[in-house]
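FYI, side chains are in, hydrogens and waters are out, and symmetry mates aren't considered; it's all heavy atoms of this structure.
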Amino acid sequence: MLLGSPFEQPSFQSCWVTHFTPKFGLVSQVGDFVVHPERRAKGLLRLRALRLKGWNVAWSQRLNENHWTAFDAALDQKSWDYFRLTCDTSEPALDETKAALLERKLLLYLFQAPVHYSVDLSEGWEAYFNSRSANTRKNIRKTLRQAKAFKPHRVFFEGTEGVDAFCDAFFPLHQRYWQEKSGQSYFNDPQEQAFTRAWLKQLQDQGVLTLEALHLDKTLANLSASFQWGEASYCLYTMNTGHHLELSPGVLSLYLRFQRAQEEGITTFLLGPGDYPYKRQLANHTIAHEDWLVVPQYSWAGRLYALGLSRCMPPVPPQQSQTI
């Protein structure tokens, strides 16, 4: 049985520490926490950010029971200026976590974070389909009907060699697309590539990873990576190759997966953060998130940074939450 968040697993965190310690110049580690030196305000303000391992990859994080001892140890060391995490607002015991932080005489600021998109398939494909608007149902039928003529064919990447083959194909596609779109792909960074390969291999070893190539008319149209954790599928990466774009291959690939969700034991597809049109098109549910900024009283730099972000809003008083 899979317990806890996939981003809390030792396999994920060991990969993360190995490949991102050099990238972020991490200076210390206490349990599941690391201290990341940062420069803000055009390099004029030096900050030491306390973070949970995996903050740049995990879609949301939480302070679970196992974290408190390490958190208190880090607090006693007075070696950090602020602690930040993004958390799911439906997470159990969220109010108790806020109260525990305030009891430690910490300043707590809350910011609204971007929503995450998800697809609820707990009642199956037909229920999902029928819940969509008339126009959306028309478009889904059209997409599936047009694709049928191109004989969609799925190919899976298996084993360690499969992970390498997938990455070798996926990284250049991602780099080319985002280089043209925004001038930057995070896969331009060798450490990002190395982490992704290592983590996908860990997921493959656990038997939860799906690496898929969608072919249309015998031509590669889309590559996607996801993993199943309990009854949820985390949709990590998707990239079209440029062929048959009129069929929206990435969206088509997900529709085909939605149709098989029940037989695969999946009730939810988590599309994660990022306000992309295809996520809004597919999602029938959104998950609210908050961005927490926790500042110790002793850190003038942390307080200055927090006040700048919050536009001089006061910290959250006991028994009260403020979202700005």
Side-chain angles (χ1 to χ4, degrees), residues 6-7 11-12 15-16 18-20 23 56-57 59 143 146-229 233-260 264 266 269-274 276-279 281-282:
F7 305 108
S11 57
F12 168 80
C15 286
W16 188 89
T18 298
H19 296 288
F20 284 124
K23 178 183 175 75
N56 63 312
V57 179
W59 293 357
T143 297
Q146 288 179 333
K148 201 168 185 180
F150 291 85
K151 300 178 181 178
H153 177 60
R154 301 161 61 224
V155 177
F156 298 98
F157 298 82
E158 306 289 351
T160 298
E161 299 81 1
V163 172
D164 285 328
F166 176 87
C167 290
D168 289 344
F170 188 88
F171 292 157
L173 286 172
H174 192 281
Q175 290 171 306
R176 183 168 65 247
Y177 176 82
W178 285 104
Q179 199 70 33
E180 294 175 357
K181 188 176 181 66
S182 64
Q184 179 65 26
S185 162
Y186 55 80
F187 283 130
N188 289 345
D189 188 335
Q191 288 163 332
E192 293 278 359
Q193 291 194 23
F195 163 77
T196 300
R197 283 183 192 269
W199 184 36
L200 292 181
K201 288 176 182 178
Q202 292 281 357
L203 292 171
Q204 190 81 294
D205 289 343
Q206 291 175 275
V208 298
L209 182 66
T210 298
L211 299 176
E212 180 177 336
L214 175 66
H215 293 259
L216 295 170
D217 199 20
K218 298 182 180 180
T219 302
L220 177 63
N222 176 268
L223 290 169
S224 63
S226 62
F227 67 91
Q228 186 171 344
W229 202 258
S233 177
Y234 286 72
C235 302
L236 290 176
Y237 310 115
T238 184
M239 187 59 57
N240 293 329
T241 65
H243 298 289
H244 298 298
L245 292 179
E246 74 280 3
L247 298 175
S248 300
V251 171
L252 172 62
S253 178
L254 281 167
Y255 281 146
L256 295 175
R257 290 207 64 194
F258 294 171
Q259 291 179 330
R260 303 188 307 273
E264 294 179 0
I266 297 173
F269 278 79
L270 298 173
L271 305 177
Y276 299 113
Y278 81 91
K279 293 185 180 183
Q281 175 184 343
L282 293 166

Take Phe166 and Phe156, measure what side-chain contact (heavy atoms from CB on, under 4.5 Å) needs, and give me the verdict at the end.
CA-CA 9 Å; Phe166 176 87; Phe156 298 98; over 6 Å; no

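- The closest donor-acceptor contact from the side chain of Gln193 to the backbone of Phe187 lies under 3.5 Å.
- Here the closest non-hydrogen pair linking Leu220 and Thr241 is O-OG1, 2.6 Å.
- Of all the heavy atoms in Ala198 and His19, the pair that sits closest is CB-NE2, 3.6 Å.
- Between the side chain of Asn222 and the backbone N or O of Met239, at least one donor-acceptor pair lies under 3.5 Å.
- Ring planes of Phe258 and Tyr255: perpendicular class, angle over 60° (limits at 30 and 60°).
- Classified by interplanar angle (parallel below 30°, tilted 30° to 60°, perpendicular above 60°), the ring pair Phe7/Trp59 is tilted.
- The SG atom of Cys167 sits 7.5 Å away from the CG atom of Leu211 when rounded to the nearest 0.5 Å.
- Atom CG of Leu200 is separated from atom CZ of Phe195 by 8.0 Å, given to the nearest 0.5 angstrom.
- With hydrogens and angles ignored, the 3.5 Å screen pairs a side-chain donor or acceptor of Thr196 with a backbone N or O of Glu192.
- If you take OG1 on Thr210 and CD on Gln204, they are separated by 8.5 Å, rounding to the nearest 0.5 Å.
- The distance from the CD atom of Gln184 to the CG atom of Asp189 is 8.5 Å, given to the nearest 0.5 Å.
- Between the side chain of Asp217 and the main chain of Thr219, no donor-acceptor pair closer than 3.5 Å is present.
- A distance of 10.0 Å separates CZ in Phe157 from CG in Asp168, rounded to the nearest 0.5 Å.
- Between the Lys279 side chain and the Leu271 main chain, a donor and an acceptor come within less than 3.5 Å of each other.
- Between Tyr186 and His174, the ring-plane angle classifies as tilted under the 30° and 60° cut-offs.
- Here the closest non-hydrogen pair linking Arg197 and Phe171 is NE-CE1, 3.9 Å.
- Nearest heavy-atom pair across Pro152 and Leu256 is CB-CD1, 4.2 Å.
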Intermediate values then yes/no, side-chain contact (heavy atoms from CB on, under 4.5 Å), Asp164 and Lys201
CA-CA 9 Å; Asp164 285 328; Lys201 288 176 182 178; 3.1 Å; yes

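- Between Leu247 and Thr143, the shortest heavy-atom distance links the atoms O-CG2, 3.9 Å.
- Among the candidates Phe227, Tyr234, Trp16, the single residue satisfying the ring pair (Phe, Tyr, Trp, His ring centres under 6.0 Å) test with Trp199 is Phe227.
- Side-chain contact annotation: Arg257 with Ser224, donor-acceptor N/O pair under 3.5 Å absent.
- Remark: the backbone N or O of Lys151 is not paired with any side-chain donor or acceptor of Lys218 at under 3.5 angstrom.
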Please report the C-alpha distance between His215 and Val155 in whole Å, then the side-chain angles of each, then the deciding distance to 0.1 Å, and finally whether the side-chain contact (heavy atoms from CB on, under 4.5 Å) criterion is met.
CA-CA 8 Å; His215 293 259; Val155 177; 3.7 Å; yes

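- In plain terms, the two heavy atoms of Phe20 and Val57 that are nearest each other are CE1-CG2, 4.1 Å.
- Here the CG atom belonging to Leu216 is positioned 11.0 Å from the NE2 atom belonging to His153, to the nearest 0.5 angstrom.
- Counting only distance, with no hydrogens or angles, the side chain of Gln228 and the backbone of Glu264 share a donor-acceptor pair below 3.5 Å.
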I would like to know whether Thr238 and Ser253 meet side-chain contact (heavy atoms from CB on, under 4.5 Å); could you show each step before the answer?
CA-CA 9 Å; Thr238 184; Ser253 178; over 6 Å; no

